[in-house]
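Only heavy atoms go into these numbers, but all of them, side chains included; no hydrogens, no water, no symmetry mates.
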Amino acid sequence: MELTVPAINIWAVLLATVAAMLVGFVYYHPKVLGASWMKAIGHTDETVGSGPKPWVYPLIIVCAFATAWVLAGAAWLSQEFYGGSFLLNTLITAWILFVGFTLARVVVHDAFDPRGFRVTGHTALNELLVITAMALVIGVWPPA
């Protein structure tokens, strides 16, 4: 059996990483859904006023890059298997991975969280928007 390495457009992955950061920035802005998220998670203006620890944003960027890289590889596999529209394959693959991995794991995690499911909707919606933004970027910029 011949093994083939997925073709991945690194520029699309990098741009998808930026897209994830932009979605998070907008989503968690107090005038969008940030205030509601702060209330659900138990933050106040004072607790978030000083900002996160210095290592948080580099960690988030690395994680967003890893997600975009894996999505790009999975999209390529989907494209090789199904053919057709790379954009459509990327979107469907992203949503299947979201439901099967991200959403399922968040629900299990939150079932044991003392806050219960107060934050689940925020986490799920943000992650769905992030993965969709990533899929759009990767899907419109397929590997050569």
Side-chain angles (χ1 to χ4, degrees), residues 1-43 47-48 50-144:
M1 180 171 151
E2 181 182 330
L3 295 177
T4 304
V5 176
I8 294 174
N9 182 340
I10 186 64
W11 298 109
V13 169
L14 290 171
L15 191 57
T17 302
V18 171
M21 300 303 294
L22 291 173
V23 167
F25 176 78
V26 171
Y27 185 93
Y28 289 108
H29 189 280
K31 292 187 178 180
V32 182
L33 288 168
S36 174
W37 170 80
M38 284 174 50
K39 181 179 178 187
I41 205 161
H43 275 305
T47 62
V48 296
S50 61
K53 305 255 188 262
W55 51 266
V56 169
Y57 286 115
L59 176 65
I60 292 170
I61 292 168
V62 167
C63 291
F65 179 85
T67 301
W69 185 269
V70 169
L71 177 57
W76 181 86
L77 290 170
S78 176
Q79 182 65 30
E80 287 294 301
F81 187 79
Y82 294 110
S85 165
F86 187 73
L87 174 60
L88 186 59
N89 278 324
T90 305
L91 283 166
I92 291 171
T93 299
W95 295 330
I96 289 170
L97 293 174
F98 164 76
V99 170
F101 289 103
T102 305
L103 183 60
R105 300 311 311 156
V106 165
V107 168
V108 169
H109 175 271
D110 288 0
F112 292 95
D113 190 319
R115 296 172 298 202
F117 294 105
R118 289 190 320 222
V119 182
T120 307
H122 287 285
T123 304
L125 180 57
N126 176 63
E127 292 298 323
L128 178 61
L129 294 172
V130 164
I131 202 73
T132 300
M134 286 181 161
L136 288 170
V137 170
I138 292 166
V140 299
W141 204 358

message = Can a donor-acceptor pair be found, under 3.5 Å and without considering hydrogens, that links the side chain of Asn89 to the backbone of Trp76?
response =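 Not at all, since once roles are kept as given, no pair shorter than 3.5 Å links the two residues.
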query = Any sub-3.5 Å donor-acceptor pair from Thr67's side-chain atoms to Cys63's backbone N or O?
reply =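 Indeed, once roles are kept as given, a pair shorter than 3.5 Å links the two residues.
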message = Does Phe117, at its CZ atom, have more than 12 non-hydrogen atoms belonging to other residues, nucleotides or ligands within less than 6.0 Å?
response =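 Atom CZ in Phe117 is packed in, count exceeds 12.
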Greater than 12 external heavy atoms within 6.0 Å of His109's NE2 =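 No, because the 6.0 Å sphere around NE2 of His109 holds 12 heavy atoms or fewer from other groups.
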Is [Y] close to [X] at the side-chain level, that is, under 4.5 Å between some pair of heavy atoms?
X	Y	value
Tyr27	Leu125	yes
Phe65	Leu14	yes
Ile138	Asn9	no
Thr132	Leu91	yes
Leu136	Val140	no
Val13	Ile8	yes

Which atoms form the tightest heavy-atom contact between [X] and [Y], and what is the distance?
X	Y	value
Phe86	Pro143	CZ-CD, 3.7 Å
Thr93	Ala74	CG2-CB, 3.7 Å
Ala20	Val130	CB-CG1, 3.7 Å
Met134	Ala64	CE-O, 3.1 Å
Val23	Asn126	CG1-OD1, 4.1 Å
Ala16	Ala68	CB-CB, 3.9 Å

For the [atom1] atom of [X] and the [atom2] atom of [Y], what is their distance to the nearest 0.5 Å?
X	Y	atom1	atom2	value
Thr4	Glu80	OG1	CD	7.5 Å
Leu128	Leu103	CG	CG	8.5 Å
Ile92	Tyr82	CD1	OH	9.0 Å

inquiry  = Does either side chain, that of Trp37 or that of Thr123, offer a donor lying less than 3.5 Å from an acceptor on the other one?
reply    =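 No, Thr123 and Trp37 have no side-chain donor paired with an acceptor closer than 3.5 Å.
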request  = Could I get the full list of side chain to side chain donor-acceptor pair (under 3.5 Å) partners for Glu127, not counting sequence neighbours?
outcome  =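 Here no residue qualifies.
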inquiry  = The test is side-chain contact (heavy atoms from CB on, under 4.5 Å); show your working for Met21 and Phe25 and say whether it passes.
reply    = CA-CA 6 Å; Met21 300 303 294; Phe25 176 78; over 6 Å; no
key: Residues Ile96, Phe101; criterion side-chain contact (heavy atoms from CB on, under 4.5 Å); working and verdict   = CA-CA 8 Å; Ile96 289 170; Phe101 289 103; over 6 Å; no
